[in-house]
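Read the structure below first, then the notes.
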Protein chains: 2
Amino acid sequence: MKPIPNEGFPAEDHDHRHCTDRALERAAAICKRRGARLTDLRRRVLELVWSGHKPLGAYDILDTLRRERRGAAPPTVYRALDFLAAQGLVHRIESLNCFVGCSDPELPHSGQFLICTSCGSVAELNDVRIDDAIRDSAAEAGFTVGRRTIEVDGLCPHCQEQGRGPRGRPPHNIAGGTPPLSPRGPRGRPPHNIAGGTPPLSPRGDGDG
Amino acid sequence: MKPIPNEGFPAEDHDHRHCTDRALERAAAICKRRGARLTDLRRRVLELVWSGHKPLGAYDILDTLRRERRGAAPPTVYRALDFLAAQGLVHRIESLNCFVGCSDPELPHSGQFLICTSCGSVAELNDVRIDDAIRDSAAEAGFTVGRRTIEVDGLCPHCQEQGRGPRGRPPHNIAGGTPPLSPRGPRGRPPHNIAGGTPPLSPRGDGDG
DNA sequence: CTTGATACGATATAACATAACATAATTGGA
DNA sequence: TCCAATTATGTTATGTTATATCGTATCAAG
């Protein structure tokens, strides 16, 4: 079996226990080194976030946690997530109001996310070329860059292979959002989506803004 | 006075009526051309979104609307915003749960946003270099790109000139977020922020991920 | 074994968003 | 013009996500 990558999508049949175990081990080491307290609760929340490569909502975590601890409540989860995010062990996906485990927690970073709209799985990139492009473009506007939120919807390799299309719509991906990446030509339209919304990014050279 | 740009931050003393008027005129023309109905309500919501260059929450809009129409309710606003977003006349800022007017609505696009954490103003970029970098990087992971969410926190030129720092923290920019862009050296830390969170993007060449 | 700091429990509420169904306005065709 | 279909809005209710606040427990250092 191929090694599980730090970036991009893991094989569909990868042994996910490796991911979880590795994440927990790294987290323990990182927290120890920093003198941060990875308590049972925090460790458990991290484990739950790592139960798959699909992002989990705070209330999903809470549902599970309630079965395990008397009196778990929203702040229980949010505080744990705050801690984990501050340590760079999880990332928040703004466009989904969800959380995913960080695939490379040793170095703090904002994260760049690929979100498959068909299967829901999320992969992390950390490509300096993207940060460079953003910094350069921002600099031309006189803007100094801090935190970046980069979340890219689309189709992961597995779903492309299987000819799957996007399922449902992410929250507030309002009517008119990016149409499925079909070879060409429309296939019916949501109600008032005349403009067609954000076009997809095609392989290169057809000049979209 | 300098012309008001489509991209980047307008001068602090620009005549904002021009922005609003222009946006409303363009919106009317676009909707007419597409056969979309820019009703009084939708037009008014667009005008409110354009009341400044700071993003407005749906409930901010609702507060104003309630003073003008009996029975305005959340769906009133969200439906109008859905329409406007479908037409590419406004963008949603995911990291703020807010909306801004689109500065270039003729062409549908995902939008790239610079968000000043000091004054709260937002500027739109539409730089193909950023989209190119994302597409290339995503392609290496076998991912086909659809909608992009690109939101960059930092300091706008005006706030940099005046030596302002970030004010407060955006929602869920969890403890440990990007530190203010000081010339050098820390200046105290939030509670368990040992890692320091996402580092800023410095002018180039100091190899951050 | 005390002190100060940090973490967690518990309750309440704020902020953001949508579901569902009724009514009204608009459009296009008979 | 009038009707029927469609689209837009009114209205009520509820779902979902996130925080505020304050009290108690646990921990690490001296």
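Nothing here was measured: the structure is a model prediction, and the numbers come from that model. Residue numbering restarts at 1 for every chain, and letters A, B, ... go by the order of the sequence lines.
- Below the 3.5 angstrom threshold, one finds no donor paired with an acceptor across the side chain of B:R69 and the base of D:dG10.
- Between A:R92 and A:E151, none of the side-chain N atoms (NZ, or NE/NH1/NH2) sits under 4.0 Å from a carboxylate O, so this pair counts as no salt bridge.
- The ring of A:Y59 does not lie on top of the base of D:dT16; it is either too far (5.5 Å or more) or too tilted (30° or more).
- Contact annotation: side chain of A:Y78 to base of D:dA20, donor-acceptor pair absent below 3.5 Å.
- Projected onto DNA chain D by closest heavy-atom contact, B:T39 and A:G57 fall at different nucleotides, the more 5' of which corresponds to B:T39.
- Not one side-chain nitrogen or oxygen of B:R70 sits closer than 4.0 Å to the OP1 or OP2 atom of D:dG10.
- Across the protein-nucleic acid pair, A:R44 atom CZ and C:dA7 atom C1' stand 19 Å apart, rounded to whole Å.
- In this structure, a donor-acceptor pair under 3.5 Å is absent between the side chains of B:T149 and A:E94.
- Between B:R42 and D:dT9, a side-chain N or O to OP1/OP2 separation shorter than 4.0 Å is present.
- Salt-bridge formation is not detected for the pair B:R26/B:D21: no Lys NZ or Arg NE/NH1/NH2 atom is positioned less than 4.0 Å from an Asp or Glu carboxylate oxygen.
- If you measure from atom CZ of A:R79 to atom P of D:dT26, you get 15 Å, rounded to the nearest angstrom.
- With respect to A:E47 and A:R22, no salt bridge is recorded, no charged nitrogen being found less than 4.0 Å from a carboxylate O.
- We find that CG of B:D82 is positioned 13 Å from C1' of C:dA19, with the value rounded to whole Å.
- Rounded to whole angstrom, the span from the CG atom of B:D40 across to the C1' atom of C:dA24 amounts to 14 Å.
- Spacing between atom CG of A:L62 and atom P of D:dG15 amounts to 16 Å, rounded to whole angstrom units.
- Proximity of B:R92 to the phosphate of C:dA17: a side-chain N or O atom is located under 4.0 Å from OP1 or OP2.
- For the pair A:R37 and C:dT6, the criterion of a side-chain N or O lying under 4.0 Å from OP1 or OP2 is not met.
- Contact check, B:N97 against C:dA17: a side-chain N or O comes under 4.0 Å of OP1 or OP2.
- The interatomic distance linking A:L81 (CG) with C:dA7 (P) rounds to 15 Å, in whole Å.
- Separating the CG atom of A:D60 from the C1' atom of D:dA18 is a distance of 15 Å, rounded to the nearest angstrom.
- Picking from D:dT9, D:dT12, C:dT11 the nucleotide with the shortest atom distance to the side chain of B:L41 gives D:dT9.
- Between the CG atom of A:L96 and the C1' atom of D:dT16 there is a distance of 14 Å, given to the nearest Å.
- For B:H18 and B:H16, the gap between ring centers reaches or exceeds 6.0 Å.
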